[in-house]
Protein chains: 2
Amino acid sequence: MGGGAVAPRYDERMARSNRQRTSRRAVYETLRRKVLTLELPPGAALSENELAAALGVSRTPVRESLILLSQEGLVQIFPQVGSFVSRVDPAKVADAQFLREAVELAALDDLPAELDADLVEELRRNLAEQERPGLDLEDFFELDEAFHHALLRLSGHGSAWATVVSAKGHLDRARRLGLYDTATPTGFAAQHVEIFEAVLGGDAALARSAMRTHLRAVFDDVERVRARSPELFAKDTGSVPVRRNVVVWE
Amino acid sequence: MGGGAVAPRYDERMARSNRQRTSRRAVYETLRRKVLTLELPPGAALSENELAAALGVSRTPVRESLILLSQEGLVQIFPQVGSFVSRVDPAKVADAQFLREAVELAALDDLPAELDADLVEELRRNLAEQERPGLDLEDFFELDEAFHHALLRLSGHGSAWATVVSAKGHLDRARRLGLYDTATPTGFAAQHVEIFEAVLGGDAALARSAMRTHLRAVFDDVERVRARSPELFAKDTGSVPVRRNVVVWE
DNA sequence: CGACCAATGCTTGTATACAAGTGCTGGTCG
DNA sequence: CGACCAGCACTTGTATACAAGCATTGGTCG
């Protein structure tokens, strides 16, 4: 360790550089979005070379993104064989459901007596948006995410949301499959309102009950779509191979 | 997509190659262990080049491992600056505590009427081991992990353990700091027995109560050690830099 | 005609070279 | 003596080259 630099100080200066606008982050977010929106369907082959060429970068950031997605369970990497978008694994979906339910219900038990006014207002606006007539499905998903996240923040455990998010990847994809059938998920919006009003009224038991009903309803959708599109689910090992789908990168 | 290979079939043949005995996996597990055991203390600088040289591999697997650890929150990467073992963030510790409590308590609510005999026997042996007189601290940690994991499997949600594990990294480090003070954590072993007997007796409420007490006791240890070793915790941005610790790789 | 098998294209894993950026250091100038 | 500033050493990010392995393919042999 000769003359040069040593470990720099560990202060908030680094927090600035935390805004990693690296190429890897861009690729990671792009791929993750395409997987969650089913633009890259379960079972699709992901070639590092092809993705790199299509995205205009080298293999390195693509590869590192795939490794991250692999740890999230959204991608499976088979050494010397290939990488694939994970099929929807019913067991993992059930796990995500269990975890999400556990966390969100525990949060409802932990609500403070005095609710944060700003968050309540944010939730109110969110619910109003959800009931807008010509609502896009993608917008509804964003609102749904924000609703549950805000509810978690209301209990002071907002940062636990990140863990839920990374765990519920499989659940999200399955939900999306289910929601593409129903034209507009008005039922879910109504359930959201029910939960919110129970929270406002301070009725923890009712809030729990409503939340559980809501989350179970989402889960039931998964089983419904599974009967319709079994090839997107795992465990049916002998199913259709789903050969190299032609992926267009606009 | 000319002549050669296409996407191979997606069958159980691949499950075999899932045994990734790659160099990256070895490096990842080594680094993760050293971080969790505090052999690489919070704040320590991690140079990709140094680690690569010490481990006898190139930068690539080291770098990819650091990226994975970074996503777990155990390592912080600052582009063009350096990588460091994350300091113990009290907020993240609290999050991990909340998440763990939510999941494990929910599992206790979900216990089947008929308990799996093999798992019960496994738990019994585990608890017997925990009360062995001259128990190593590292062994106790392993037993503790196995105990909670088995309890989760008893409720049929064993695979949710993986998420808890990755989320509770910060909690584990903090616990380890706390347990290095107390000579032998006999108190925790006794609490384990209490939980187990409540589960066997079918008393869900008592099991919940005992589990909550147990997990809260672990959490309190964190605050205790924080008063003693503040430099290992974050938020005190002006604290000691902790310069490039000399890490020996035996 | 069927079974076997080598050639070939692809895949990911690893190693290395180069690029861009940061912080310390030490000399220099006012 | 103090402030400034150029240079250097080190960092991670990215690109590329090479290595090892699997699966399909197409020919050959029985």
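This one's a predicted model, so the numbers in the text were calculated from it and none came from an experiment. Lettering follows sequence order; numbering is per chain, from 1.
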Output the single nucleotide from D:dT11, D:dT12, C:dG13 whose closest atom is nearest the side chain of B:Glu48. D:dT12
Which word best sums up how the rings of A:His148 and A:Trp161 line up, parallel for under 30°, tilted for 30 to 60°, or perpendicular for over 60°? parallel
Expressed in angstrom and rounded to an integer, what is the separation of B:Arg59 atom CZ from D:dC10 atom C1'? 11 Å
Counting heavy atoms from C-beta on, name the nucleotide in C:dT14, C:dT22, D:dA15 closest to the side chain of B:Thr22. C:dT14
Please report, rounded to the nearest Å, how far the C1' atom of C:dA17 is from the CZ atom of B:Arg63. 14 Å
Grab the CD1-P distance between B:Ile67 and D:dT14 for me, whole Å please. 9 Å
Could you check which of D:dT11, D:dA15, D:dT12 has an atom nearest any side-chain atom of B:Glu50? D:dT11
Considering only heavy side-chain atoms of A:Ser47, the closest of D:dT11, C:dT11, D:dT14 is C:dT11
Does A:Gly73 offer a backbone N or O that forms a donor-acceptor pair with the side chain of A:Ser86 under 3.5 Å? yes
Considering only NZ, NE, NH1 and NH2 on the basic side and carboxylate oxygens on the acidic side, decide whether B:Glu138 and B:Arg176 come within less than 4.0 Å. yes
The side chain of A:Gln80 is closest to which nucleotide in this list: C:dT11, D:dA15, D:dT12? C:dT11
Could you tell me how far apart A:Phe84 (CZ) and D:dC22 (P) are, to the nearest whole angstrom? 14 Å
Verify the contact: side-chain N or O of A:Ser58 to OP1 or OP2 of D:dT16, cut-off strictly under 4.0 Å; return yes or no. no
Could you state the atom-to-atom distance from CG of B:Asn49 to C1' of C:dT16 in whole Å? 11 Å
The side-chain hydrogen bond (donor to acceptor under 3.5 Å, both in side chains) partners of A:Gln80 (sequence neighbours excluded) come to none
Would you check if the side chain of A:Ser65 reaches a backbone N or O of A:Tyr28 as a donor-acceptor pair within less than 3.5 Å? yes
Check every atom of D:dT14, D:dT12, C:dT14 against the side chain of B:Glu64 and return the nucleotide holding the closest atom. C:dT14
Whole-Å distance between C:dT12 P and A:Gln76 CD? 14 Å
Between P on C:dT14 and CG on B:Leu55, what's the gap in Å once rounded to a whole number? 13 Å
When rounded to whole Å, the OH to P distance for the pair A:Tyr28 and D:dT14 reads 15 Å
Between B:Thr60 and C:dT14, is there a contact of a side-chain N or O with OP1 or OP2 at under 4.0 Å? no
